[in-house]
4 protein chains.
Amino acid sequence: MAVSSSSPRDSTPREPRTERGRRTLRKLLDAAAAEFGERGFHDASISDITRRAGIALGSFYTYFDSKNAIFKALVSDLSAQVRSRSANSVARVTGALAVEEAALAGFLAFSREQKEIYRIIDEAEFVDPASYREHYESTAARILQRLRAGMETGELRAGLDEDHAWAIMGMNVFLGLRYAIWDDEAPIEKIARTANGILRDGIACSHGPDQRQPQ
Amino acid sequence: MAVSSSSPRDSTPREPRTERGRRTLRKLLDAAAAEFGERGFHDASISDITRRAGIALGSFYTYFDSKNAIFKALVSDLSAQVRSRSANSVARVTGALAVEEAALAGFLAFSREQKEIYRIIDEAEFVDPASYREHYESTAARILQRLRAGMETGELRAGLDEDHAWAIMGMNVFLGLRYAIWDDEAPIEKIARTANGILRDGIACSHGPDQRQPQ
Amino acid sequence: MAVSSSSPRDSTPREPRTERGRRTLRKLLDAAAAEFGERGFHDASISDITRRAGIALGSFYTYFDSKNAIFKALVSDLSAQVRSRSANSVARVTGALAVEEAALAGFLAFSREQKEIYRIIDEAEFVDPASYREHYESTAARILQRLRAGMETGELRAGLDEDHAWAIMGMNVFLGLRYAIWDDEAPIEKIARTANGILRDGIACSHGPDQRQPQ
Amino acid sequence: MAVSSSSPRDSTPREPRTERGRRTLRKLLDAAAAEFGERGFHDASISDITRRAGIALGSFYTYFDSKNAIFKALVSDLSAQVRSRSANSVARVTGALAVEEAALAGFLAFSREQKEIYRIIDEAEFVDPASYREHYESTAARILQRLRAGMETGELRAGLDEDHAWAIMGMNVFLGLRYAIWDDEAPIEKIARTANGILRDGIACSHGPDQRQPQ
DNA sequence: AATGAATGAGAATTCATTCAT
DNA sequence: GATGAATGAATTCTCATTCAT
């Protein structure tokens with residue numbers, strides 16, 4: 001998996017000066033993505049990573065200060081990828097609900113392609129909680145932006161706020177876990193439409209008895 | 001936190017034969033819950049656990065074959081607690097939507113009380129994926145049961161299936177992360193009502209333009 | 001394998017007083033023979049032995065002071081068995097060379113039946129060197145006795161001494177390793193006759209050139 | 001004792017890439033030979049070995065995967081030494097019987113010099129049986145070659161085969177145990193001549209009664 | 001005598017990080 | 001910059017032996 005490079009060091013994010021250095025950095029990040037994805041943070045060792053990258057163990061520390069540092073850099077990279085991919089999925093779609101459906105469909109497709117990403121970002125909860133939180137907060141913020149846009153156009157009902165954004169994100173993530181990571185057979189469109197059905201109509205029966213409880 | 005014991009060993013679940021043994025096993029599970037919750041699986045060491053439990057390091061291996069084994073036993077215990085607590089929250093509530101609202105409120109309250117549990121179960125994704133999967137699959141199955149009951153009474157619209165259960169579970173879990181683990185100030189009832197609003201009505205504006213996109 | 005009991009303790013060899021105790025002791029020795037034979041001294045654990053014997057771990061120390069003590073008792077038992085068996089093989093045979101042949105044949109047959117014994121006695125070289133030495137010195141002494149008897153009758157040439165006894169014992173032991181422990185297909189009689197041929201005639205060609213080197 | 005290095009790892013025998021690495025490997029093998037020889041496999045610890053070698057504990061694993069792996073490498077080294085030494089003893093000697101006498105004398109002399117070697121190879125029976133077997137099978141094969149050469153020149157009688165080789169090896173080994181390891185006072189030449197006497201003439205009295213038993 | 005839990009010293013092994021070349 | 005050897009703290013796991021019941 002190719003990973004676009006970003007700040008390599010934890011404390012002193014300095015880009016390599018030479019072309020050769022840039023290539024080595026790239027190899028390291030790709031190898032780390034593969035190892036962390038396959039074996040998890042704790043079972044992946046730095047020597048696994050350098051071996052896979054085809055460089056000497058000692059060279060690792062030319063680029064990163066620690067195992068945590070490369071993990072952090074990786075999460076930030078992957079998070080950016082998710083973001084950009086998500087923007088793409090949604091770019092040419094109009095209509096607030098259609099946008100949400102496209103966002104979910106794009107997310108599911110991306111997750112199926114890059115199953116490791118999901119795992120790596122989730123493991124950040126335990127390895128680097130700040131990255132984890134940052135990822136989900138910014139994702140929720142983007143959803144909330146879309147909800148606000150929909151409220152402005154009148155497509156979405158008034159009063160939607162951060163809670164709704166988190167609820168929607170949770171739906172998406174768990175559907176991703178279930179239908180992209182664990183089972184990638186089910187048709188993405190069907191899943192996305194089902195979820196969108198909840199957003200459009202809820203799950204109550206419109207012709208049934210009044211749902212409100214007296215209590 | 002007191003934890004009810006279940007099969008302690010991974011392969012050969014043998015219960016202690018004496019009362020003293022049962023007490024020691026209990027101390028171990030409680031200590032493990034505390035350590036794993038506070039420090040995470042990898043940073044918690046077996047000697048931390050036995051020290052906290054007040055027993056000798058070697059005694060650990062009278063009850064469990066490995067750190068993984070006690071973790072697994074613990075997850076299964078905690079999962080059972082979540083299940084039973086969830087059943088309680090819902091027990092005396094009538095009405096399909098009200099039941100979902102109560103379930104979420106109960107879950108949020110429980111998560112606030114026992115923040116470690118959340119962390120431990122989530123870490124199972126990386127430590128013992130089978131336990132993790134088992135937990136969420138059985139949780140989804142319970143939600144689906146409730147949806148089916150609601151469809152039978154006509155309270156919920158026809159056609160709800162496993163996808164909907166996972167979507168609802170995702171909503172709940174992420175709201176739990178956001179409003180029980182990270183921020184425990186917001187009033188639970190408000191969160192639960194908001195989420196329930198999605199289930200009842202969706203997020204679309206009922207008086208707005210037709211939501212269906214031509215595309 | 002049934003093992004006749006002898007002094008159980010290292011320091012205070014005291015026989016059990018009750019019949020029940022005698023039976024437990026026997027079970028322990030038999031289990032130890034099996035475990036030490038199969039897994040070797042270091043890989044066999046006391047709990048393996050007591051588990052195989054069907055008694056509680058703690059009861060072991062009613063009969064033996066340590067793992068070394070039971071090993072020592074065992075070697076002395078087995079050594080006695082070899083001795084008695086060897087005496088049997090030779091009992092009704094007359095003629096000095098025939099006696100040696102019978103002794104080897106008996107040893108090979110016994111080794112095939114009780115392969116563990118060989119292993120246990122040999123491991124004594126590393127676990128309890130005194131027992132090992134004692135076993136082979138007393139075996140050599142018995143061979144030397146036989147040689148002396150043969151010299152007295154004039155069947156064997158004069159001048160045979162301890163060296164010869166050790167040489168013969170070495171032949172026997174290694175033929176046992178090769179043709180009883182590692183390969184138990186070859187006919188015992190053939191092996192024994194071959195070895196006896198060396199004792200009778202040597203390996204030189206009686207009609208060949210003079211073997212003595214000028215040097 | 002200096003030990004010539006051979007394949008260090010059990011599975012992935014990779015030679016050190018630098019001169020410094022080669023020196024460390026040598027130090028490890030020498031230290032292991034000394035420790036295993038003095039204390040035996042089980043009582044020698046890896047930290048004993050590295051301490052004696054003057055390197056850090058962790059460095060051991062740069063060269064060997066386990067205690068068993070270094071033991072195995074060592075046995076194969078020592079076995080090669082025995083072989084080469086044995087070839088030397090015999091190199092300039094002519095006459096089939098004289099060759100056997102020289103081989104035994106050389107073996108006894110070597111065993112007295114390097115008592116640990118004997119112990120280490122013998123312990124392989126319990127630590128790494130394949131190495132043990134390999135050592136004695138190849139030794140027997142070399143003896144058999146010599147016997148065949150002697151049969152071709154007519155110095156040795158026809159019909160000698162593998163059995164005879166094992167018998168001779170057994171004689172040699174046990175004389176080594178008795179007169180090199182346990183007692184190193186007796187003159188080597190006397191022992192070797194005694195054993196050679198058996199090979200030349202057997203032990204029967206050539207002028208005595210017919211040795212063949214009617215039975 | 002028997003039981004089985006408890007003990008804790010000891011050992012092997014891992015691996016992030018440092019360092020000399 | 002790159003290389004690969006060196007380091008040593010940390011951790012898991014074993015098991016002979018002791019002890020309370």
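Protein chains get the first letters and strands the later ones, always in sequence-line order, with residue 1 at the start of each. Side chains are part of it too, since the values below use all heavy atoms of this structure and drop only hydrogens, waters and symmetry mates.
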In whole Å, what is the span from the [atom1] atom of [X] to the [atom2] atom of [N]?
X       : N      : atom1 : atom2 : answer
C:Leu25 : E:dA2  : CG    : P     : 10 Å
A:Phe60 : E:dC19 : CZ    : P     : 17 Å
A:Arg23 : F:dA2  : CZ    : P     : 10 Å
A:Asp65 : E:dT17 : CG    : C1'   : 11 Å
B:Lys27 : E:dA5  : NZ    : P     : 14 Å
B:Asn68 : F:dT12 : CG    : P     : 11 Å
A:Arg51 : F:dG4  : CZ    : C1'   : 12 Å
D:Arg22 : F:dA5  : CZ    : C1'   : 13 Å

Task: Under-4.0 Å salt bridge between B:Arg51 and B:Asp48 - done: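 Salt bridge flag = yes for B:Asp48 with B:Arg51.
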Open item on the list: Closer than 4.0 angstrom, basic N to acidic O: yes or no for D:Glu19 and D:Arg22?
Closed with: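 So D:Glu19 pairs with D:Arg22 through a salt bridge.
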I want to verify a distance call: between [options], whose nearest atom is closest to the [X] side chain?
X       : options                : answer
D:Tyr61 : E:dG10, E:dC15, E:dA12 : E:dA12
D:Thr24 : E:dG8, F:dA6, E:dA5    : F:dA6
B:Ser66 : F:dC13, F:dT7, F:dT17  : F:dC13
A:Ala56 : E:dA16, F:dG4, E:dA6   : F:dG4
B:Leu57 : F:dC13, F:dA6, E:dA5   : F:dC13

Task: Nucleotide forming a Watson-Crick or wobble pair with F:dC15, both distances under 3.5 Å - done: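 For F:dC15, the partner nucleotide comes out as E:dG8, under the 3.5 Å rule.
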Task: Any-strand Watson-Crick or G-U partner of F:dA20, both distances under 3.5 Å - done: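 Its partner is E:dT3.
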Task: Donor-acceptor under 3.5 Å (B:Lys72 side chain, B:Ala130 main chain) - done: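 Such a contact is absent between B:Lys72 side chain and B:Ala130 backbone.
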TODO: Please check if the side chain of C:Glu123 supplies one atom and the backbone of D:Phe126 the other of a donor-acceptor pair under 3.5 Å.
DONE: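 Not confirmed, C:Glu123 side chain does not pair with D:Phe126 backbone.
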- [ ] Assign each of B:Ser59 and A:His42 to its nearest nucleotide of DNA chain E by heavy atoms, then name whichever residue's nucleotide is nearer the 5' end.
- [x]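 The residue whose closest nucleotide sits nearer the 5' end is B:Ser59.
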Open item on the list: If you assign D:Ile46 and A:Gly58 each to the DNA chain E nucleotide with the nearest heavy atom, which residue ends up on the more 5' nucleotide?
Closed with: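 Its nearest nucleotide being more 5', the pick is D:Ile46.
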- [ ] Using heavy atoms to find the nearest nucleotide of DNA chain F for D:Gly54 and C:Asp43 separately, return the residue whose nucleotide is more 5′.
- [x]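 Closest to the 5' end, via its nearest nucleotide, is D:Gly54.
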Open item on the list: On DNA chain F, compare the nucleotides closest to D:Thr18 and B:Ala44; which residue's is nearer the 5' end?
Closed with: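 Checking each residue's closest nucleotide, the 5'-ward one belongs to D:Thr18.
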Task: Any B:Tyr63 side-chain nitrogen or oxygen under 4.0 Å from OP1 or OP2 of E:dA5 - done: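 No, outside the criterion.
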Open item on the list: To check you understand the geometry: which heavy-atom pair defines the closest contact between D:Val75 and D:Ser131, and what is its length?
Closed with: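 Between these two residues, the closest heavy atoms are CG1-CB, 3.7 Å.
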